Amino acid sequence: VLCWNAEGMRSKKEELAKILKEESIDVICLQETKLTKTTECKISGYHEIRKDRQIGRRTGEYDNKGGGIATLIKDGISYKEVKINHLKPEDKTTETHTTEVWKDGLKVKLTNLYIPPIRQNERDNRTQEFDPEYLPWTTTDIIMGDMNAHAYDWDINSNEDELGERIRDVALASGYNILNDQSPTL
(Lines give C-alpha, C1' and ligand atoms only; values in the text may rest on other atoms or scores of the structure.)
Protein backbone atom coordinates (compact mmCIF):
# COMPACT_ATOMS: atom_id res chain seq x y z
CA VAL A 1 0.00 0.00 0.00
CA LEU A 2 1.35 3.39 -0.99
CA CYS A 3 0.17 6.88 -0.09
CA TRP A 4 1.12 9.78 -2.36
CA ASN A 5 0.23 13.46 -2.57
CA ALA A 6 0.19 13.81 -6.34
CA GLU A 7 -0.19 17.61 -6.54
CA GLY A 8 -1.91 17.09 -9.87
CA MET A 9 -2.41 13.77 -11.67
CA ARG A 10 -2.60 14.74 -15.32
CA SER A 11 1.09 15.62 -15.67
CA LYS A 12 2.25 12.74 -13.42
CA LYS A 13 0.26 9.85 -14.87
CA GLU A 14 3.29 8.31 -16.64
CA GLU A 15 5.49 8.67 -13.54
CA LEU A 16 2.82 7.05 -11.37
CA ALA A 17 2.29 4.15 -13.79
CA LYS A 18 6.06 3.50 -13.75
CA ILE A 19 6.22 3.50 -9.92
CA LEU A 20 3.20 1.19 -9.65
CA LYS A 21 4.77 -1.31 -12.05
CA GLU A 22 8.35 -1.17 -10.73
CA GLU A 23 7.34 -1.44 -7.07
CA SER A 24 4.43 -3.87 -7.68
CA ILE A 25 2.05 -1.69 -5.67
CA ASP A 26 -1.32 -3.32 -4.89
CA VAL A 27 -3.15 -0.20 -3.68
CA ILE A 28 -2.29 3.48 -3.81
CA CYS A 29 -4.14 6.29 -2.07
CA LEU A 30 -3.67 9.61 -3.87
CA GLN A 31 -4.38 13.09 -2.57
CA GLU A 32 -4.54 16.40 -4.44
CA THR A 33 -5.33 14.73 -7.74
CA LYS A 34 -6.70 18.06 -9.04
CA LEU A 35 -9.06 16.22 -11.36
CA THR A 36 -12.58 17.24 -12.28
CA LYS A 37 -15.60 15.19 -13.30
CA THR A 38 -14.72 15.78 -16.96
CA THR A 39 -11.09 14.63 -16.57
CA GLU A 40 -10.10 11.02 -17.13
CA CYS A 41 -6.86 9.73 -15.67
CA LYS A 42 -7.15 5.92 -15.73
CA ILE A 43 -3.99 3.86 -15.09
CA SER A 44 -3.88 0.56 -16.98
CA GLY A 45 -4.10 -2.46 -14.69
CA TYR A 46 -5.86 -0.60 -11.87
CA HIS A 47 -9.44 0.05 -10.80
CA GLU A 48 -10.05 3.65 -9.78
CA ILE A 49 -12.25 5.10 -7.05
CA ARG A 50 -12.29 8.90 -7.18
CA LYS A 51 -13.72 11.76 -5.23
CA ASP A 52 -13.10 15.06 -6.98
CA ARG A 53 -13.20 18.37 -5.11
CA GLN A 54 -16.67 19.81 -4.66
CA ILE A 55 -16.07 22.99 -2.66
CA GLY A 56 -13.57 25.60 -3.78
CA ARG A 57 -11.51 27.99 -1.73
CA ARG A 58 -12.69 31.38 -2.92
CA THR A 59 -16.47 31.36 -2.99
CA GLY A 60 -17.53 27.98 -1.73
CA GLU A 61 -18.40 27.06 -5.30
CA TYR A 62 -16.49 24.59 -7.45
CA ASP A 63 -13.93 27.20 -8.54
CA ASN A 64 -10.69 25.71 -7.29
CA LYS A 65 -8.84 23.08 -9.28
CA GLY A 66 -7.07 21.75 -6.17
CA GLY A 67 -7.87 18.83 -3.93
CA GLY A 68 -9.45 15.56 -4.91
CA ILE A 69 -8.58 12.01 -3.85
CA ALA A 70 -8.37 8.67 -5.62
CA THR A 71 -7.64 5.10 -4.60
CA LEU A 72 -6.24 2.76 -7.25
CA ILE A 73 -6.52 -1.01 -6.71
CA LYS A 74 -4.55 -3.46 -8.83
CA ASP A 75 -6.60 -5.68 -11.14
CA GLY A 76 -7.25 -9.07 -9.53
CA ILE A 77 -7.49 -7.74 -5.97
CA SER A 78 -10.97 -7.90 -4.46
CA TYR A 79 -12.31 -4.61 -3.14
CA LYS A 80 -15.49 -2.80 -2.25
CA GLU A 81 -16.09 0.91 -1.78
CA VAL A 82 -17.53 1.52 1.69
CA LYS A 83 -20.32 4.09 1.56
CA ILE A 84 -19.94 5.74 4.93
CA ASN A 85 -19.31 9.31 5.95
CA HIS A 86 -16.38 9.75 8.35
CA LEU A 87 -16.90 13.49 8.77
CA LYS A 88 -18.98 15.55 11.12
CA PRO A 89 -21.87 17.29 9.34
CA GLU A 90 -20.27 20.75 9.53
CA ASP A 91 -17.11 19.59 7.70
CA LYS A 92 -17.53 20.70 4.09
CA THR A 93 -13.86 20.74 3.05
CA THR A 94 -12.25 17.42 4.05
CA GLU A 95 -12.19 14.78 1.33
CA THR A 96 -12.34 11.13 2.34
CA HIS A 97 -13.42 7.71 1.17
CA THR A 98 -12.96 4.19 2.48
CA THR A 99 -12.26 1.04 0.49
CA GLU A 100 -12.36 -2.50 1.82
CA VAL A 101 -9.61 -4.64 0.28
CA TRP A 102 -9.08 -8.42 0.47
CA LYS A 103 -5.81 -10.13 -0.39
CA ASP A 104 -4.33 -13.46 0.72
CA GLY A 105 -7.09 -13.99 3.29
CA LEU A 106 -6.55 -10.57 4.88
CA LYS A 107 -9.24 -7.89 4.87
CA VAL A 108 -8.45 -4.25 5.65
CA LYS A 109 -10.31 -0.97 5.27
CA LEU A 110 -8.24 1.83 3.80
CA THR A 111 -9.44 5.37 4.45
CA ASN A 112 -7.93 7.90 2.06
CA LEU A 113 -8.00 11.38 3.60
CA TYR A 114 -7.18 14.88 2.39
CA ILE A 115 -7.61 17.80 4.77
CA PRO A 116 -6.97 20.97 2.75
CA PRO A 117 -5.13 23.81 4.43
CA ILE A 118 -7.50 26.49 5.71
CA ARG A 119 -5.92 29.93 5.59
CA GLN A 120 -8.92 32.04 6.69
CA ASN A 121 -8.30 35.27 4.81
CA GLU A 122 -10.17 37.31 2.20
CA ARG A 123 -9.53 34.61 -0.43
CA ASP A 124 -10.44 31.69 1.82
CA ASN A 125 -13.74 31.90 3.67
CA ARG A 126 -13.80 28.24 4.81
CA THR A 127 -13.43 27.08 8.41
CA GLN A 128 -11.59 23.99 9.69
CA GLU A 129 -14.25 21.59 10.95
CA PHE A 130 -12.33 18.31 10.73
CA ASP A 131 -12.67 16.12 13.81
CA PRO A 132 -10.52 12.94 13.99
CA GLU A 133 -13.03 11.34 16.37
CA TYR A 134 -15.26 10.62 13.33
CA LEU A 135 -12.66 8.42 11.61
CA PRO A 136 -12.86 4.61 11.80
CA TRP A 137 -10.29 3.69 14.46
CA THR A 138 -10.68 -0.12 14.47
CA THR A 139 -8.05 -2.84 14.24
CA THR A 140 -8.85 -3.52 10.57
CA ASP A 141 -8.60 0.13 9.47
CA ILE A 142 -5.65 1.96 7.96
CA ILE A 143 -6.01 5.73 7.75
CA MET A 144 -3.64 7.57 5.43
CA GLY A 145 -3.42 10.77 3.53
CA ASP A 146 -2.35 14.38 3.48
CA MET A 147 -3.75 15.92 6.62
CA ASN A 148 -2.02 19.31 6.53
CA ALA A 149 -1.51 18.86 10.26
CA HIS A 150 1.74 18.98 12.18
CA ALA A 151 2.95 16.94 15.12
CA TYR A 152 6.41 15.86 16.22
CA ASP A 153 5.36 12.23 15.90
CA TRP A 154 5.53 12.42 12.11
CA ASP A 155 7.78 15.44 11.57
CA ILE A 156 10.22 16.31 14.32
CA ASN A 157 11.21 19.54 12.55
CA SER A 158 7.72 20.98 12.27
CA ASN A 159 5.89 23.33 14.57
CA GLU A 160 3.08 21.33 16.14
CA ASP A 161 -0.37 22.70 15.54
CA GLU A 162 -3.74 22.07 17.17
CA LEU A 163 -4.99 19.83 14.35
CA GLY A 164 -1.84 17.70 14.41
CA GLU A 165 -2.03 17.32 18.17
CA ARG A 166 -5.71 16.27 17.99
CA ILE A 167 -5.07 13.70 15.26
CA ARG A 168 -2.06 12.30 17.15
CA ASP A 169 -3.94 12.12 20.45
CA VAL A 170 -6.96 10.32 18.96
CA ALA A 171 -4.73 7.93 16.98
CA LEU A 172 -2.63 6.98 19.99
CA ALA A 173 -5.65 6.70 22.30
CA SER A 174 -7.18 4.32 19.73
CA GLY A 175 -4.09 2.09 19.78
CA TYR A 176 -2.85 3.19 16.37
CA ASN A 177 0.80 3.31 15.31
CA ILE A 178 1.98 6.34 13.38
CA LEU A 179 4.00 5.05 10.44
CA ASN A 180 6.48 7.76 9.58
CA ASP A 181 10.19 7.94 10.26
CA GLN A 182 9.86 11.60 11.34
CA SER A 183 11.27 12.89 8.07
CA PRO A 184 9.33 15.82 6.63
CA THR A 185 6.67 15.13 4.08
CA LEU A 186 6.84 17.24 0.97
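Not measured: the values here are computed from a predicted model.
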Open item on the list: Is there a side-chain contact (heavy atoms from CB on, under 4.5 Å) between K107 and S78? Walk through the geometry before answering.
Closed with: CA-CA 9 Å; K107 177 177 94 170; S78 298; over 6 Å; no

Task: Stepwise side-chain contact (heavy atoms from CB on, under 4.5 Å) test for T96 and L87 - done: CA-CA 8 Å; T96 182; L87 304 174; 3.8 Å; yes

- [ ] Could you please spell out the steps behind the side-chain contact (heavy atoms from CB on, under 4.5 Å) verdict for I73 and D26?
- [x] CA-CA 6 Å; I73 303 104; D26 291 329; over 6 Å; no

- [ ] Verify salt bridge (charged side-chain N to carboxylate O under 4.0 Å, His left out) between E15 and K13, making sure each step is shown before the conclusion.
- [x] CA-CA 6 Å; E15 176 186 0; K13 183 178 173 182; over 6 Å; no

TODO: Take L113 and L135, measure what side-chain contact (heavy atoms from CB on, under 4.5 Å) needs, and give me the verdict at the end.
DONE: CA-CA 10 Å; L113 177 67; L135 291 174; 4.1 Å; yes

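Distance NE2/H97 to NZ/K83: 10.0 Å, rounded to 0.5 Å. How far CH2 of W154 is from CD1 of I167: 5.5 Å, rounded to the nearest 0.5 Å. Distance check: I115 CD1 to M147 CE gives 6.0 Å after rounding to the nearest 0.5 Å. With rounding to the nearest 0.5 angstrom, the OG1 atom of T99 is 11.5 Å from the NZ atom of K109. Taking SG of C3 as the start and CD1 of I25 as the end, the distance is 11.5 Å to the nearest 0.5 Å.
Side-chain polar atoms of H86 and T98 form a donor-acceptor pair below 3.5 angstrom. Between the side chains of H150 and D155, no donor-acceptor pair of N or O atoms lies under 3.5 Å. K34 and T39 are not linked by any side-chain donor-acceptor pair at a separation below 3.5 angstrom, with hydrogens and angles left out of the test. In summary, the side chains of N5 and E32 do present a donor paired with an acceptor at a separation below 3.5 Å, with no hydrogens or angles considered. No hydrogens or angles considered: a donor-acceptor pair under 3.5 Å links the side chains of T38 and T36.
Side chain of E129 to main chain of E90: no donor-acceptor pair is present (N/O by atom type, distance under 3.5 Å, no hydrogens or angles). Distance alone, capped at 3.5 Å, is enough to place a donor-acceptor pair between the N112 side chain and the A70 backbone. Between the D131 side chain and the E133 main chain, a donor and an acceptor come within less than 3.5 Å of each other. Side chain of E48 to backbone of R50: no donor-acceptor contact under 3.5 angstrom is found. In this structure, the side chain of R168 does not engage the main chain of Y152 through any donor-acceptor pair within 3.5 Å. Proximity of a side-chain donor or acceptor of D91 to a complementary backbone N or O of T93 within less than 3.5 Å is detected.
Linking Ile, Leu, Val, Met, Phe, Trp and Tyr whenever their side-chain heavy atoms come within less than 4.5 Å leaves I142 and L72 in two separate clusters. The cluster map of Ile, Leu, Val, Met, Phe, Trp and Tyr, joined by side-chain heavy atoms under 4.5 Å apart, puts L2 and I43 in the same cluster. The same ILVMFWY cluster, assembled from side-chain heavy atoms under 4.5 Å apart, contains both M144 and V101. Residues W137 and Y134 do not share a hydrophobic cluster, defined by chaining ILVMFWY side chains whose heavy atoms lie under 4.5 Å apart. V1 and V108 fall within a single hydrophobic cluster, where Ile, Leu, Val, Met, Phe, Trp and Tyr are joined by side-chain heavy atoms under 4.5 Å apart, directly or via other members.
Aromatic pair Y79/W102: centroids not less than 6.0 angstrom apart.
Put simply, the side chain of T111 reaches to within 4.5 Å of the side chain of P136, judged on heavy atoms. Residues I28 and L16 form a side-chain contact, since some pair of their non-hydrogen atoms from C-beta on lies under 4.5 Å apart.
Salt bridge annotation for E95-K51: absent, with no cationic side-chain nitrogen under 4.0 angstrom from a carboxylate oxygen. Using a 4.0 Å cut-off between a side-chain N of Lys or Arg and a carboxylate O of Asp or Glu, K18 and E14 do not qualify as a salt bridge.
Within a 6.0 Å radius of CG in N159, other residues, nucleotides and ligands contribute 12 heavy atoms or fewer. Within 6.0 Å of the NZ atom in K88, the count of heavy atoms belonging to other residues, nucleotides or ligands exceeds 12.
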